[in-house]
Each structure stands twice: as C-alpha cells, then as structure tokens.
There are 2 protein chains.
Amino acid sequence: MQGTMLIDGKPRFGAGARFHGLDAVTGEALSPAYGSALPRDVDDAAEAAAAAFRIYRAVPRADRAAFLDRIAAAIEELGDSLVERAMLETGLPRGRIEGERARTVGQLRLFGDVLRAGDYLDRRRVDALPDRTPLPRPDLRMMNVPLGPVAVFGASNFPLAFSVAGGDTASALAAGCPVVVKAHPAHPGTSEMVAEAVATAVGRSGLPAGVFGLLHDAGIEAGSRLVADPRIKAVGFTGSARAGKALVAIARSRPEPIPVYAEMSAINPVLLFPAALDERAEAIADGFVPALTGSCGQMCTAPGLLIAAEGPALDRFLATAGAKIAATPAATMLTPAIAANHAAGAARLAATPGVETIALGAEAGPREGQAGLLGVDAPVFLSNALLAEEVFGPTALLVRCSDVDEMAEALAAIGGQLTLSLHVADDDIPAVRAMWPLIEDKAGRVINGAFGTGVEVCEAMVHGGPWPATADPRTTSVGTRAIDRFVRPVCYQNLPKALLPADLG
Amino acid sequence: MQGTMLIDGKPRFGAGARFHGLDAVTGEALSPAYGSALPRDVDDAAEAAAAAFRIYRAVPRADRAAFLDRIAAAIEELGDSLVERAMLETGLPRGRIEGERARTVGQLRLFGDVLRAGDYLDRRRVDALPDRTPLPRPDLRMMNVPLGPVAVFGASNFPLAFSVAGGDTASALAAGCPVVVKAHPAHPGTSEMVAEAVATAVGRSGLPAGVFGLLHDAGIEAGSRLVADPRIKAVGFTGSARAGKALVAIARSRPEPIPVYAEMSAINPVLLFPAALDERAEAIADGFVPALTGSCGQMCTAPGLLIAAEGPALDRFLATAGAKIAATPAATMLTPAIAANHAAGAARLAATPGVETIALGAEAGPREGQAGLLGVDAPVFLSNALLAEEVFGPTALLVRCSDVDEMAEALAAIGGQLTLSLHVADDDIPAVRAMWPLIEDKAGRVINGAFGTGVEVCEAMVHGGPWPATADPRTTSVGTRAIDRFVRPVCYQNLPKALLPADLG
C-alpha cells in the first residue's frame, strides 16, 4: 500500500485533503495516508476510461471472461493481508470477511461464465424477405452493446463484495464498460489493495490501462464530479438514501442524463402471520435475532420492521426474541459516524410518543452498536412516516396490529423494499393471497420462512426493488441479471458481414 | 362518436375547454365537439386503473393474449369509417392510414404471441441445496411482473400505430399493466373510435373496466396531472423534445419517480461515404428523396441530416436529389401548428449565415409543408449547435465535409439518434470500421444502404436510442422488446406452491 489512486494504470497520490483509514475497534489512524482526488484526477480517470472504451467494447467475450477470472485470481493472491486489512478497517470478523472474499471472487467468475454463455446479449435475428409485398423486409439483427464508462461507488458495509471489485464493477466490466471506482473512505487500504489486483489483471490481459481506475476522496467532490462527467454513461452505487438521491440529482441535471443504479435503503419488513406464530413463534424468533444483529445489523437486507397481529403467540415470539437480544453483546460498527447515526436513530425512535422499548442488548461503546427491539401500535405507526425510516444498524421496530387487515395497512404505508419476508402456516395462506398484490409490489425479493440476509449470487437473485429501496426497480445489483444495467440494444439493418459485430457474424 | 372520454368503462364528456378535430386540408372544425378533462376526470381514470391492476396483473397470459386479439378485431370491425376519420384529421393519404391500421392490429396480435410464448417473463430457477456448506442454498425463482398502471400519450404523426391502441398501449397491456391514454388533440375522433374498440374488447374479455381509459385535453393540464398521479407507474410518449422533457421533469419530481419512455426527436444522420457515392450517387438520391418527403417528412425516422465529403460524386447526388425535390409538390401537414413550425424552422435554417439552399419543392400553402434541402460546410455546422436541431417536416441539411475524418467530426457533434444510415461501398469499409464506435454509440438502429423510414415491427427492432432521441436508451418503443419497459423482476425465495405465481408454479 502506497496510499495511491490508480489513473490510466498509474499510481497517483491525491493532492487534495488527506485522510486515513481507521482501526474500527480503536479508532486509531492506519497508515498509509491517503490524499483526496483533485478535479484534474477525476478528469484524467474519465478520459482514460473513455479512451479505453473504444478498444474494450470490442474485446471478445472470451477475453473479457479471462480478464474477470484473472481479477479473481489476483485478489486471491493477496492472501491473508487483504483479509486482515479489511478486518482492521471495518471491524467485521474474519469469517465474515473471508466469506465476502469468496463471494467477491465467485461473482467475478460467475460473470465470466455469463460472458462465455452470451445470453445477456439478447441476440435476435429476423431474416430478410426481399419479395414480401407491399414492402420487402430487410435483414434485421439485434444485440446489446455496452453503455460506456461506468462510475462505481464503494459501499461501507461490504468492503469487498460491493466495493472496488464488487458486483457493480464485475457486471460493468463484463458488459464491456470501463469502470472508475470512487473508493469508500472508510476502507482506503482495502480499496487500494484490490485496485492493485485489478491492475495486475489488466496488465496480464493486455488491456488498455484505462479500463479500470480508482479515486480516493474524503469528501463528496470527486464522486460528484465523476457522475457529472459527460464521458461517464452510468453509475453503480450502494449506500445511504441521502447520498444516493444526491447522485441521482446530479445524473439528471447533466445535459445527457444517465442512469444511476443506486441501492439506497430498506427496512425489509417481516410479516408474522398468526398461524405461523401460533405454530412456531420461538423458532421464528431464533432466526430473527441473528438476522437483525449479524454484522451488527449493517446489512442492506437486515430485518428492520416486524408486522404482526397482537396475541399470545406474538407474546411468545417477543419473549424469545427479547431474551436473545438482551444477551447480544455490543459490536463494533463500520465507522464512528455509522455508530453515532445508529445510536441517534435508535434514541429518536425510542423517544417517539407511543413507542415502547421491548428489549435492548448490551450497552455500546462509542464505536459500537447496541441491539434493540422497539414496538409501536399500528395506528401510531400509520400516523407518523418517520417511524418507517431506516435506522441502519441492529435496531428493529415491531408494528402491533389488531388483525391481518391492519397488517396490510401497515405494509401499504411503507415505501419500496429490497426484501419482504413472510412467516406463514397453512392457515395463513388465504390472508397472504388476499394481500398478494401489495406484497409483490413492495419488494424485489419475497422470502418465505426466513429473512433477507444472505443474498445468493446466482441467476435468479433480485437485489433491488421499488423506490426508495433503489433508484430503478427494473434492475438488480446482485446476480447475473445485474449486467443488463450496463447495456443498450442496437438493431443492425442489412449490414454487410464486414461491418456486423463479431457476436452477430 | 359522441365526443366523450372513457373513464372506468363509461363515456364521459369533459367539462373543461372545448375543442374540435380539424379537417387537415381545409382547417374546418369537425364534429363532434370534445371537452377537456378536469382534474377529477384524471383522478377517476387513475383510480379505475389502479383498481383494475389488482385483478389484471394476475389474469393468465393466454387471456391477456386473447384480449389483445379482440382489440385488433374490434379495430378492424370499425371498417372504413376509422380510415376516413383518420385521413380527415391528419391529412395523411389512404394508403398510409390503411398501412398504419394493418401495422396497429399486427402489433397487437404480435404481443399476443409474445404473451403466449412467455419469454419476456425471463423466468429463472435455482434449486435449493439444503446440504451445502457453510450455508444451504434456498430455492430461488425469478420472473418479471408488471409495473402498474401506465400513462400513454398519443402521437400526432401516427394516429393509430403510436396512439390510443398503438405500440405503447399494446406492450403495456401485454405486460399486465392497465393503460390510461391521453389522446392527441389533433385526432380526437380517431382516438374516440379506437377507444371504443378497446372498450368493446374489454367487455368481451370480461376484464375490469378500468384496464383502459381515455382522456381528452386541448392543453397540457390533464397529461401533466396524470404523470404526477402516484397510481401511475410508467409513461409512454412519442412527440416533441419539449413535451417529452416536460414529462420527464414531472415524473422525476414525484415523491416516487417513475420511468418515462419518451421518444422525442431525431435528425437521423445519413453518412454518404465516398466510394458509395462514386458507385451509385443517383440511386442513393432516388432513395433519399422519398424518405425525406414521404408523409410530408413527418416520420420520427425521416433523414434530416446528410453528412458527405465534397467532390464530383456528391455533386451528382445533389443534382439528382435536387431535381427530385424541386418536383415535389407541397403536402398537407398534420396540424396548422406543425406546418407553421416547419416553415419557421426551415426559414431559420436557410437564414443562418453559411447555409445555402440547394433545392426547394413546390411552394406550400398555410397548412402545407414545402420540401427542401439545404447545405452547410462542416466548420460552420461544428460551430453552431442550432444547426443540428430537428426541423420536423420535409427539410434536410447537408453537411459538406472535406474528408472522411471531418465526416466523423460532424457525426460526433450531434446527440443520440433513433437511426443512423450508412451508404457504403467495399472501398469505404476501412473508414467505416475506424468510425464504428462512434456510429454504434449514436443510434438505436444502424442501417446500411437505406433510410430509417419503414420501422419493421418484429423481435429484432430497436426504435430507441441515446439521449435526446429518447429518455431511456436501454429500451425500444417498437417491436417485441418494448414489453420490457413495463415490467420489473421479482425473486421468490422458498415460496410454497400455494403462493408461487402461476407462471412459476
């Protein structure tokens, strides 16, 4: 680690504001120092990406697949030093980081397979009918082509899988788009190491250096400038609603607006239906608490809202969940700011008239998160939209309903979500079916008998959902369909073989 | 015809500003009178659509296909009265309207076939691996579901194929989305007749009446309110850049932004390469003039910009094209406003310093369009962005370049386009290949040896393109892929058979 960015394949130290990664547990500054990008750095990275695009767009799919495989291998070659740096910068435990690394290299290789298969091109062919009357039909072929250079923003909570060489980068590179990453300032060392691995793969693959760039910034200027750059044609982002909406606004105000794929926030409602609670209240509680508190609640798909009908079965659920939460130790959060925001959000919720505190975990230190479950009656919840806002961390709110109809009202009152979990027994099925249009309209993934944490990277995954969970409900940022975000269709009419793209020839 | 709208299946006369369709040739007001929608009418139509969506979304695909087939049949049952009314209101000739009717019913039936095939659902299935370590894999299935009620704006220039039951409506209804159409005020009678045909098909299919609604408005209030309505989840539009951008702005300022599929404007550049001109300058000119002047130039894909290198071959092209344009009679335009805008735009172009008039057709009356070809040297074109703005109608501008490199510069200077036409001989191929990234980035359809007019409705068509040709370059408004605009993916995890959607069961 040198504390550098990567621009047109060359390391460069940012001459803007200095910052350091912090030891998440102690708060101590880690070396090396990092320097924020200046406007010139952003412009150079965008120009290098645009120049690389003219070549990279036409690199054969097999070669792009080999490139992705080489990125995965180069990340693995970093060995334990990457795991240790990521643990240090995020406070996440070794098992979690090792699992995330496996997921990261796995999804790079998965997009290699996507490229080799080529289905994402959606190739279509309609043959000419020269003798058709009244008008002949021309030869028409269609396929998807890459959009152009993509800006990717690293997320704080997944330093590998949603960061420098995470899903956005893997799917954009697979699509044929160069990538400029704005690293998350909470894990600059991890970011630099992974960027070096990507650069190694670029070199081994003989690709133009501008195919991949990395920018550091302690603030928001570099990222804002990058999204506004006319050479950038799409944006991938995972983070807060505030930051995501700001990027959407920049992208829209450009002379040429571009798509922003922002995965912004979710409270991931969990609907506990009466018969299911009757049947297995304790077992559901046993699953709920680890989903809430794992990674200190810092998962996009953590369950932040429970919706259930009052009654003895709910009391059984709360007894079990409450005991488990009370026994939950405080855990280090990703950054001091995230810990402070969580504490403030949980305190705001708890102080809201009508909200009761059901259970709290062990008290938290200044960089830690305290687990908590709060409760509110449905009429109060329905009258106060602030109660449906995300509190990022291990805090959940239970909405106590009088019956299944009120459960539906509570669900209708919230915005779009990444996931929605159902806990259902056979006797609940008619109520669930009656609520189905509402359920399906609320989320990108509907889960039965489990919780949203654990996002399988595969061809059937949807990690997306209606606004404000994401900025574009037609897309997913996880799984093979994520590549569709970075392509557009082109129709080729009567092109001679010498001009048809190789994939259509 | 009663002069009515259609709201929740019932005819209603708008109590707002009155207006009439006009005889396009004489300017005479046609009966019946139409009344503009009031806010209440818009709200009622949106509410009816939202109520219908709860049912229509789950109507089996085969039944939705039968519904589309019935719309097509009901339009055909209108017989010649529809053709005559459309001719009267638009000034378009019988052959063109009959062809457009065939296209309209053809695309309704094509989407019926799309539904029966079901490929657009993009169904995916990943089986559970309960024994996988360290974590089991759940059962994951994915498919596309409808977005919700869609607002469709009728276009002035295709009173059937891009209007009440045109491509936007057909693809939205196919996707499972109810549709509320804002009729174009230039053909209210045609719109009412087609809406009645759709209503007939709704009745024959036993569907909820709110599946389809029609609103009239002489102004912009009803359409603006419709796009802002929270029950509307997407917008289809074909028309001017000004109106399209206004709808995009409304859709973005909603609490829940929604996609606007606006096909807005294009000048559809034609690149005449030197060897092709040498080989067949006269034949290319013979094809160019009818493409420019057909339907009085009122096609979204009409060739408005020629880019060519100076020389004797270009002179031959201009001699032939000029003679044909000079022999072109003036023709009735769709509306007096369109005729006036065309005349003003052509006059503005001709008066621009550095622009020469190469050829003009017969002089036009007040509701007519005069064909014209103007010319400008590339340096002047490159220094004045106004010269690349669309003049909707039978006027084209030739950019005279010194060589192929300057042709590329001229192309690089313009925005995204619906189509880009190449006229190429074997010796031009290396130059075209060198320009290829630029060519592919500019348009949704790349055409060799022809012009953009004549948009085949088929699975390989792309009628779309980069901004500002459309508001979303990832989509097409013509062809089977148009249905993708109105769906979003949902992942279903471990759902019991009783809850899985029928299409995944």
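Residue numbers start from 1 in every chain, and the chains themselves are labelled A, B, ... in the order their sequence lines are given, proteins ahead of strands.
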Let me know if B:Pro468 has heavy atoms under 4.5 Å from chain A in its side chain, its backbone, both or neither. neither
For B:Ala443, is it the side chain, the backbone, both or neither that has a heavy atom under 4.5 Å from a heavy atom of chain A? backbone
Interface residue of largest heavy-atom contact number with chain A, from B:Asn494, B:Ile429, B:Leu499, B:Asp472, under 4.5 Å: B:Leu499
Residue part contacting chain A, namely of B:Arg481, when any heavy atom lies under 4.5 Å: both
Give a yes or no on whether a salt bridge exists between B:Asp441 and A:Arg57, defined as a side-chain N under 4.0 angstrom from a carboxylate O. yes
For B:Asp426, which atoms come within 4.5 Å of any heavy atom of chain A: side chain, backbone, both, or neither? neither
For the CZ atom on A:Arg252, are there more than 12 heavy atoms of other groups (residues, nucleotides or ligands in this structure) within a distance under 6.0 Å? yes
Chain A contact via B:Arg132 - which portion, at a heavy-atom distance below 4.5 Å: side chain
Gap between atom OG of B:Ser477 and atom OH of B:Tyr261 - 0.5 Å precision: 11.5 Å
Would B:Leu504 and B:Arg123 count as a side chain to side chain contact (heavy atoms under 4.5 Å, CB included) if you check the C-alpha gap in whole Å, the side-chain angles of each, and the deciding distance to 0.1 Å? CA-CA 7 Å; B:Leu504 288 176; B:Arg123 284 172 284 192; 3.7 Å; yes
When only pairs under 4.5 Å are counted, which of B:Ala249, B:Pro257, B:Cys458, B:Ala498 shares the most heavy-atom pairs with chain A? B:Pro257
Side chain, backbone, both or neither of A:Leu135 within contact of chain B (heavy atoms, under 4.5 Å): neither
Region of B:Val145 that comes under 4.5 Å of a non-hydrogen atom in chain A: side chain
Applying a strict 4.5 Å limit to non-hydrogen atoms, the region of A:Pro496 in contact with chain B is both
Most heavy-atom pairs under 4.5 Å with chain B, out of A:Pro146, A:Gly99, A:Pro466, belong to A:Pro466
Side chain, backbone, both or neither: which part of B:Arg141 has an atom under 4.5 Å from a heavy atom of chain A? backbone
Please check if any side-chain donor atom of B:Thr301 sits under 3.5 Å from a side-chain acceptor atom of B:Asn268, or the reverse. no
Which one of B:His463, B:Arg433, B:Arg54 has the most heavy-atom pairs closer than 4.5 Å to chain A? B:Arg433
Going through the distances and angles, do B:Ile439 and B:Lys442 end up as a side chain to side chain contact (heavy atoms under 4.5 Å, CB included)? CA-CA 5 Å; B:Ile439 289 169; B:Lys442 274 300 165 198; over 6 Å; no
Write down the atom of A:Leu438, the atom of A:Ala408, and the distance for their closest heavy-atom approach. CD2-O, 3.3 Å
Assess whether side chain to side chain contact (heavy atoms under 4.5 Å, CB included) is satisfied between B:Phe53 and B:Arg231, documenting all intermediate values. CA-CA 10 Å; B:Phe53 181 50; B:Arg231 292 163 289 205; over 6 Å; no
Greatest number of non-hydrogen atom pairs under 4.5 angstrom with chain B, of A:Val490, A:Val424, A:Leu420, falls to A:Val490
Below 4.5 Å, heavy-atom pairs only: which of A:Arg485, A:Arg137, A:Met461, A:Glu440 has the largest tally toward chain B? A:Glu440
Counting heavy-atom pairs under 4.5 Å with chain A, which one of B:Leu422, B:Asn144, B:Thr419 comes out on top? B:Asn144
Is B:Leu140 in contact with chain A via its backbone, its side chain, both, or neither, using a 4.5 Å heavy-atom distance? both
Proximity breakdown for B:Asp139 and chain A, heavy-atom pairs closer than 4.5 Å: neither
Would you sort out whether A:Glu459 and B:Arg125 count as a salt bridge (charged side-chain N to carboxylate O under 4.0 Å, His left out), showing the intermediate values? CA-CA 8 Å; A:Glu459 67 166 7; B:Arg125 176 174 177 166; over 6 Å; no
Among the options A:Ala450, A:Ser421, A:Gly416, A:Pro259, pick out the one with the most heavy-atom pairs lying under 4.5 Å from chain B. A:Pro259
Per-residue contact mode, A:Val487 against chain B (heavy atom under 4.5 angstrom): backbone
With rounding to the nearest 0.5 Å, note down the distance linking NZ in B:Lys245 to CD1 in B:Ile250. 15.0 Å
Under 30°, 30 to 60°, or over 60°: which ring-plane class applies to A:Phe451 and A:His423, parallel, tilted or perpendicular? tilted
Using a cut-off of under 4.5 Å for heavy-atom pairs, which of A:Met142, A:Lys233, A:Arg474 has the most such pairs with chain B? A:Arg474
Pair A:Arg254-B:Trp467, side chain to side chain contact (heavy atoms under 4.5 Å, CB included): steps then yes or no: CA-CA 11 Å; A:Arg254 295 165 44 123; B:Trp467 181 276; over 6 Å; no
Using a distance-only test with no angle check, is there a side-chain donor-acceptor pair under 3.5 angstrom linking B:Arg124 and A:Thr480? yes
